[in-house]
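Encoded as structure tokens, the structure appears first; notes follow it.
Both backbone and side-chain heavy atoms feed into the values below; hydrogens, waters and symmetry mates do not.
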Amino acid sequence: MTTESALADGVREALSVDAEAFTERAAEEAEIVKQELHDGSFDNQQSIVGFEYEFHAVGDGRWSEESRAGEYALMRVPRRLLELMGFEKELGLHNAEMSTSPQPLSNHGLRAQLAEVRARLEAAKNTAGVEGMRLVSDGLWTIPPAGETAREYLTDSVEVDGVVAAVNMSDAVRYHAMANAGREEPADGSATVLDAPGVSLAAETVMPESLITSVQPHYQVAHAETLPEHFRYALRIAGPLLALGANSPFFPPALYDDDWDAERVLAEGATSNRVHVFESVLNSRTDADKVRFPLEFRDVETAVDRIASDETLIPMPDPGGSDRFDDAFATFRTKHGSYWRWVRPVFEGSSRSAANARIEFRPIPGQPTVRDSIAFQGVFAGLMQALAQREHPVIGLDWETARDNFYAAVADGLDAEMEWVDRDGERTTDTDAVYGDLLDHAEAGLRTAGCAAAEAAQWVAPLRWRVANRTTPAGWKRDRVRERLDDGDDFATAVEDTQREYVDRQSETLIEGGFSAWTGDD
């Protein structure tokens with residue numbers, strides 16, 4: 001049996017699972033989760049942090065025609081190489097992902113997170129370099145593989161035994177099942193539409209989602225019953241933190257609609273197109289807009305029920321053969337796999353002692369350097385500590401305003417007007433006031449977690465620099481494109497040469513440096 005036929009068989013098996021019975025099992029298992037919550041199984045001695053870090057691969061031009069020198073064209077990662085690097089596969093063949101080992105929230109824990117990422121990334125860099133490849137941390141790639149267009153790469157698909165398969169998608173059944181589930185096919189055969197300012201791309205699969213990559217801090221609460229309060233605070237900080245992390249202002253130039261020239265892209269384009277990509281591509285496969293800014297909840301049982309009752313897109317079969325603690329609610333965990341929210345609760349654990357209730361913070365795109373990426377982890381964790389401990393009044397900011405802040409940040413980044421409630425209960429839209437209060441509390445939270453004052457300030461410093469200089473990676477890219485346009489470059493050249501400059505700067509600073517060095521203000 002060919003690999004393609006085996007994949008098609010796996011997709012058919014997944015899609016043949018009775019959706020109604022699957023949903024019923026998830027609801028039954030939700031009661032198990034709630035009982036375990038009641039019994040304290042998800043409680044721990046202290047808060048824990050973790051991190052997911054996604055990359056895409058580009059050629060550095062040493063060995064293959066596909067990766068000509070200086071071009072930094074997108075490159076497919078051989079599966080054997082992915083295994084050698086110790087990374088996990090993601091949606092596209094060009095993607096790679098690492099997950100850190102959970103650590104206690106403390107200065108030592110954050111340093112362990114930073115050291116682990118640096119060590120594994122350095123080893124991966126060396127391994128990939130032998131193959132004429134490098135891993136890039138970014139929000140959205142803009143240079144397609146050499147000899148291919150972005151449209152071709154993202155939409156190329158074949159039919160194998162009645163199953164539609166994206167040619168450039170990883171061979172995980174889950175990913176291809178998404179391409180064969182959801183709404184009825186439209187007349188033109190394109191069930192997925194990427195819809196963003198200036199870009200509308202139709203495809204038969206969800207492969208266009210592979211344009212984007214992210215960093216995802218995790219915060220595990222010490223006591224599961226406090227999850228709702230922490231979650232409500234996480235929603236209030238989502239917009240401001242996304243604005244600081246904005247890093248996806250441009251698409252591959254050939255994807256833009258004909259009536260969107262360079263000036264219109266700069267004037268009307270979003271700073272965080274990653275949000276538009278993820279929402280439009282995956283929501284076009286569902287009936288309920290599964291990717292969205294989530295509602296808050298007042299008790300942890302409601303969070304469990306919402307996961308269980310979420311629209312079923314992929315009723316995957318039970319893999320069996322494991323003795324994990326959370327196998328008692330394996331179907332519920334599968335439901336959670338497509339519970340796509342920008343902030344989401346998670347309940348899992350390989351053993352009872354490792355069981356945890358955590359918040360996954362998903363809005364932040366890939367960042368220029370490891371140091372900047374871990375800064376978001378430290379700031380998010382510090383805020384989760386301090387805002388609840390100090391009963392910060394921003395929790396009274398209405399949910400609609402928190403949502404509006406989020407989408408304002410998508411559109412305009414640090415230039416967005418976002419409403420905040422400060423420590424004195426006063427409403428403000430002043431950028432310095434918003435971030436002064438927010439980052440002060442992040443430092444305070446890290447201090448209560450055991451960081452010395454100087455250490456706490458150091459973790460937060462990369463984001464303070466962005467506020468002080470009104471600079472984000474998206475802003476850096478937009479400025480470089482503007483300069484190139486003013487020097488006479490056409491739009492495609494300006495975007496692609498800016499991307500090449502981004503990769504060059506990152507090659508010097510990814511593991512040891514910081515984004516602030518890119519402007520000479522470090």
Side-chain angles (χ1 to χ4, degrees), residues 55-56 58-61 68-74 134-144 150 196-199 211-213 242-256 260-274 276-277 364-373 409-416 462-463 465-510 513-522:
F55 301 84
H56 70 259
V58 301
D60 69 5
R68 293 170 293 183
E71 296 254 333
Y72 298 138
L74 197 71
R134 70 177 62 188
L135 297 179
V136 175
S137 174
D138 200 354
L140 196 158
W141 57 262
T142 57
I143 305 176
V199 174
L211 276 162
I212 58 177
T213 47
L242 173 58
L244 279 180
N247 194 22
S248 50
F250 299 113
F251 285 91
L255 291 185
Y256 282 99
W260 278 69
D261 60 11
E263 295 302 325
R264 188 174 181 188
V265 172
L266 287 171
E268 302 178 34
T271 66
S272 292
N273 282 297
R274 173 177 168 265
H276 290 297
V277 172
I364 308 300
Q367 295 296 301
T369 75
V370 170
R371 186 68 185 82
D372 288 270
S373 300
V410 171
D412 297 319
L414 270 181
D415 291 331
L463 302 192
W465 179 90
R466 294 188 185 191
V467 176
N469 291 274
R470 294 296 194 271
T471 301
T472 65
W476 182 90
K477 290 177 180 177
R478 289 168 64 87
D479 289 345
R480 295 307 184 277
V481 167
R482 165 53 66 196
E483 291 172 4
R484 288 182 164 89
L485 292 171
D486 291 345
D487 287 341
D489 284 349
D490 61 69
F491 180 59
T493 301
V495 170
E496 292 177 355
D497 281 354
T498 293
Q499 185 68 20
R500 294 184 180 104
E501 183 182 355
Y502 181 98
V503 177
D504 280 333
R505 294 289 186 96
Q506 188 172 93
S507 68
E508 301 167 355
T509 57
L510 175 61
F515 173 59
S516 58
W518 292 26
T519 64
D521 296 327
D522 197 2

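Asp415 meets the side chain to side chain contact (heavy atoms under 4.5 Å, CB included) test with Asp412; sequence neighbours excluded. Glu268 meets the salt bridge (Lys or Arg N to Asp or Glu O under 4.0 Å) test with Arg264; sequence neighbours excluded. Remark: Arg470 pairs with Asp432 by the salt bridge (Lys or Arg N to Asp or Glu O under 4.0 Å) rule, at least two apart or across chains. Under the side chain to side chain donor-acceptor pair (under 3.5 Å) criterion, Arg480 pairs with no residue at all, not counting sequence neighbours. In this structure Asp487 satisfies the side chain to side chain donor-acceptor pair (under 3.5 Å) test with no other residue, sequence neighbours excluded. In this structure Ser137 satisfies the side chain to side chain contact (heavy atoms under 4.5 Å, CB included) test together with Tyr53, Phe55, Gln506, Leu510, sequence neighbours excluded.
Put simply, the side chain of Trp476 reaches to within 4.5 Å of the side chain of Glu501, judged on heavy atoms. Considering only heavy atoms from C-beta on, Asn273 comes within 4.5 Å of Pro197 through its side chain. Looking at Phe515 and Pro473, their side chains come closer than 4.5 Å, going by heavy atoms from C-beta outward. In this structure the side chain of Trp465 reaches within 4.5 angstrom of the side chain of Thr519, judged on heavy atoms. At a threshold of 4.5 Å between non-hydrogen side-chain atoms, the residues Trp141 and Ile212 do not count as touching. Leu140 has its side chain out of reach of Pro365: every pair of non-hydrogen atoms, C-beta onward, lies at least 4.5 Å apart. Contact annotation: the side chain of Leu414 approaches that of Leu244 to within less than 4.5 Å [non-hydrogen atoms, C-beta and beyond]. A heavy-atom distance below 4.5 Å is found between the side chains of Arg466 and Asp372.
Shown here for Thr472 and Ala243, the closest heavy-atom pair between the two residues is CG2-O, 3.4 Å. Asp497 approaches Asp489 most closely through the heavy-atom pair OD2-OD2, 4.5 Å.
Looking at Thr509 and Trp518, their side chains do bring a donor and an acceptor atom within 3.5 Å of each other. Neither side chain, Asp504 nor Ser507, offers a donor N or O lying under 3.5 Å from an acceptor on the other. For Thr493 and Arg484, the side-chain atoms include no donor-acceptor pair closer than 3.5 Å.
Atom CD of Glu508 is separated from atom OG1 of Thr369 by 13.0 Å, given to the nearest 0.5 angstrom.
Both the sub-6.0 Å distance and the 45° axial angle are satisfied by Lys477 relative to the ring of Tyr502.
With ring centers used as reference points, Tyr256 lies under 6.0 Å from Phe491.
Between His56 and the options Asp138, Leu135, Leu211, a side-chain contact (heavy atoms from CB on, under 4.5 Å) holds for only Asp138.
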